[in-house]
Amino acid sequence: MSLLIIFIYLIIITVIAIGYGHFFVKILVNNKNIPSFNIGELGLIGFYALLIISILIHFFIPLNFITTSIIMLVGFFLFYLYFKKFKINFNIYQIALFFYVTLISYNINSHPDFEWYHLPYMNYLMDFKIIFGIANTSDFLGYTQTWNDIVAILRLPIFDFYTSNIVSSSFLLLFWICILDFLKKENETPIKIFLLLILIFSIIKYHKINEFAGHAPATILGFVFLYYFLKLVLEQEVIIKSNNNLTIFKIIFFLSFILILRINYIFLIPIIIYLTYYHYKSVYHLIKSYRLITFFVFALLIILSKNIITSGCFFYPIYWTCLSVDYLPWGISADYAKERYDLVTALTKGWSSYVTIEGKIDNRILYLQPLMNGTILSPSDYLANFKFTWFKYWLQTGDPLKLLNNAILIIICFLLIIITQLKKLNFKFSYFSKKLIIIFLVNTVIWFILTPQSIYGGDLVSISMLSLIVSIFLNNINLKLFYTKSVLSLLFVISITYSVYKNFGNYENYINNFSSISSGLIKVNSSIKKFDYYSTNLNGYNLNIKNKSQNEHEGYPDYCGNIPMICIPIDRLKCISMISKKYTYLLIEGNNHECKNILQKRYFY
């Protein structure tokens, strides 16, 4: 029964996304170019449209079920208009994908951070219109949170938050449809191999939808973005002769979506510099398009406005983007933001391993005593003292192993494909191939300097770089040979088998709870008032205070989960100095000095 619910909701979300994507593309490009976008592309663009709509609406009203129901109905209508004009014909592979994604979406577990700040953020969006200074109640509500803005506007009646994972499933489904369509139409061997390797990686990597959070969509879009760029460079002469600006439009458009989802993907900017230099006429042509420029300016304004309102920073916790609290009393101070920024940066560069090794502790959560004793350095001091040597602790984290696994996967695929066509191994790299390698390498270096973690772009740079090199080496092979086709088929069978195997425990649960409607949907812990939390009044406004969990170390997070908003962990109550209302909008002023002291005692959470 629950698989049927998942399947129905997956169709609903996918249809809505395609509908809004078609509408969005119709506004931004000429009608004659609309058929150049496949269904997968339209769906991914539709998620971008839903993000902009979600943030815009929340400025004025909460994203309650009435609002989301209207969004759903409009999405159906827009899809109908698209279907009526272009007639969608789903092939056997796309239909199979729907069923496969339904199977891997069956999971009662949510993302590890779901009850910590994903669900509280979604509940805030549902119960309140935008609140000035909401970040003072929880650091994580001050982050851009754009993926959860999308999930929140697709939170429909009856399904509620229990099907939040399925939004991720729809995004992944549309990505795979996108890649399959690229493969079908692509003639260039290296580009085809590049796409095949990405497809194999994504099947293996994203086998658990519940682990699919805000970082995964940015990575997935990054692969689409890099495909466009690869195609542009390797087919450069053809594109210039046909005066086709559409590929460059897609590159710029998808990069803007990526950066809105994850600003740390700024390491991809060298590609835009390349476009500006080598394709300045096409870029200039796009700049002259008032529709595109208007959209980018509008999108940037509403994103920055939202961030300023929620945290007082353009991009929290990037401290130098924070405005003075003298002018924005609800804002987070640059001093506090820097503490959080240094912490996040230090964690990406091995501070977590440094704490356990040098502090001689079994769990990083026990860091406070060694820190107070001077045995270990604070995140800020760690970054200053290990400015060029932090990688020795980074090597002790799990990320190098994850990146090594990525490399092993691509190398195994390469060896299996080339084994019977060794004579066709290509060692002559063309001028364009060398340019691509240099640009991909620059992206990788910038990523390693800024945010060297697999979830913050590491998967994207490692897989794309290795796939590019392998695709160039295999440039001369014949993909139509029986052996090669058999190997590729085998690789896909192994990938899917691995994915099914990793979800086997979920299928056992399904069989044991076949008649249950809620089986396979997200489950959250229940919270009992007066035991798990209590209500209090501050300046005439109700707050729900989450008590410390019993028998748990004080350094662990206190999950608000599904406690009605505004919910605040008891430790952070000191972070709030005043709540007031201005022109129907709530305004929460923080106590940055007190809050900084609390942060230093609870660095990890």
Side-chain angles (χ1 to χ4, degrees), residues 109-118 120 137-143 211 213 215 317 335-387 389-402 451-456 525 527 532-533 545-561 567-575 591-605:
N109 297 317
S110 58
H111 186 272
D113 299 336
F114 187 73
E115 293 186 62
W116 183 9
Y117 59 90
H118 293 189
T137 65
S138 170
D139 272 18
F140 298 98
L141 299 188
Y143 283 72
E211 296 176 359
H215 60 271
D335 186 48
Y336 178 86
K338 187 176 188 306
E339 191 76 25
R340 172 62 74 178
Y341 177 83
D342 286 347
L343 171 62
V344 172
T345 306
L347 288 173
T348 65
K349 296 183 176 181
W351 189 70
S352 184
S353 295
Y354 162 78
V355 163
T356 55
I357 294 170
E358 302 300 334
K360 295 179 174 57
I361 52 178
D362 296 327
N363 191 323
R364 65 180 190 171
I365 205 68
L366 304 172
Y367 77 93
L368 189 56
Q369 193 62 44
L371 181 65
M372 299 299 289
N373 292 339
T375 307
I376 60 173
L377 299 172
S378 68
S380 300
D381 292 336
Y382 173 81
L383 292 173
N385 283 269
F386 294 95
K387 188 176 294 186
T389 56
W390 52 264
F391 62 87
K392 67 180 180 180
Y393 293 108
W394 177 80
L395 290 172
Q396 304 300 316
T397 67
D399 271 300
L401 183 59
K402 292 177 182 177
T451 54
Q453 274 196 321
S454 57
I455 64 171
Y456 295 146
N525 295 314
S527 297
D532 295 301
Y533 72 98
I545 311 302
K546 177 66 172 67
N547 289 320
K548 297 295 299 179
S549 300
Q550 294 184 357
N551 303 320
E552 194 170 79
H553 191 278
E554 64 178 357
Y556 282 111
D558 299 308
Y559 297 150
C560 275
C567 172
I568 305 176
I570 193 168
D571 285 349
R572 285 193 65 96
L573 189 54
K574 294 179 182 179
C575 295
N591 188 332
N592 285 283
H593 177 72
E594 285 289 338
C595 217
K596 183 178 177 181
N597 292 334
I598 294 170
L599 173 60
Q600 290 171 338
K601 294 177 182 177
R602 301 186 60 176
Y603 268 141
F604 287 102
Y605 298 103

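Keep in mind the model is a prediction, meaning the values are calculated, not measured.
- Every residue meeting the side chain to side chain donor-acceptor pair (under 3.5 Å) condition with Asp335, not counting sequence neighbours, appears here in chain and number order: Lys596.
- Side-chain contact of Glu358 with Tyr393: a donor-acceptor pair under 3.5 Å is present, judged by distance alone.
- Considering only residues two or more places apart in sequence or on other chains, Glu115 meets the side chain to side chain contact (heavy atoms under 4.5 Å, CB included) condition with Val524, Asn525, Tyr559.
- Residue Asn385 qualifies as enclosed at atom CG: its count of foreign heavy atoms under 6.0 Å is above 12.
- Nearest approach of Pro379 to Ala346, heavy atoms of both residues: CB-CB, 3.8 Å.
- The closest donor-acceptor contact from the side chain of Asp558 to the backbone of Pro569 lies at 3.5 Å or more, if one exists at all.
- Asp381 and Ser378 form a side-chain donor-acceptor contact under 3.5 Å, judged by distance and modelled atom types alone.
- What you find for Asp399 and Ser454 is that their closest heavy atoms are OD1-OG, 2.6 Å.
- Using the six-membered ring where Trp is involved, Phe140 and Tyr143 have ring planes that are parallel, under 30° apart on the 30 and 60° scheme.
- Proximity of Asn591 to Cys575: side-chain heavy atoms (C-beta onward) are nowhere separated by under 4.5 Å.
- Looking at Tyr341 and Val344, their side chains never come closer than 4.5 Å, going by heavy atoms from C-beta outward.
- Under the 3.5 Å distance criterion, the side-chain polar atoms of Trp351 are matched with a main-chain donor or acceptor of Leu377.
- Between Lys392 and Phe386 there is a side-chain heavy-atom pair separated by less than 4.5 Å.
- Atom CD1 of Ile376 sits about 10.5 Å away from atom CD of Gln369, to the nearest 0.5 Å.
- With 3.5 Å as the limit, one finds no donor-acceptor pair spanning the side chains of Ser527 and Asp532.
- In this structure, Trp394 and Pro452 approach most closely via the heavy-atom pair NE1-O, 2.7 Å.
- Here the closest heavy-atom approach between residue Leu599 and residue Tyr367 is recorded as O-OH, 4.2 Å.
- Side-chain contact between Trp116 and Cys560: absent, with no pair of heavy atoms (C-beta onward) separated by less than 4.5 Å.
- To the nearest 0.5 Å, atom CG of residue Asp342 and atom CG of residue Leu347 are 11.0 Å apart.
- The distance from the NZ atom of Lys349 to the OG1 atom of Thr397 is 13.0 Å, given to the nearest 0.5 Å.
- Residues Leu383 and Trp390 form no side-chain contact, since every pair of their non-hydrogen atoms from C-beta on lies 4.5 Å or further apart.
- Rounded to the nearest 0.5 Å, atoms OG1 (Thr348) and CD (Gln453) are 5.5 Å apart.
- Side-chain atoms of Ile361 and Val355, non-hydrogen and from C-beta on, do get closer than 4.5 Å to each other.
- Between the side chain of Asn363 and the backbone N or O of Leu366, no donor-acceptor pair lies under 3.5 Å.
- Residues Glu339 and Leu343 have side chains not in contact (no heavy-atom distance under 4.5 Å, counting atoms from C-beta outward).
- Distance check: Asn373 CG to Leu368 CG gives 9.5 Å after rounding to the nearest 0.5 Å.
- Looking at residues two or more places apart in sequence or on another chain, you find a salt bridge (charged side-chain N to carboxylate O under 4.0 Å, His left out) between Asp139 and Arg340, Arg572.
- Put simply, the side chain of Lys548 reaches to within 4.5 Å of the side chain of Ile570, judged on heavy atoms.
- Ile545 CD1 to Tyr533 OH: the interatomic distance, rounded to the nearest 0.5 Å, is 11.5 Å.
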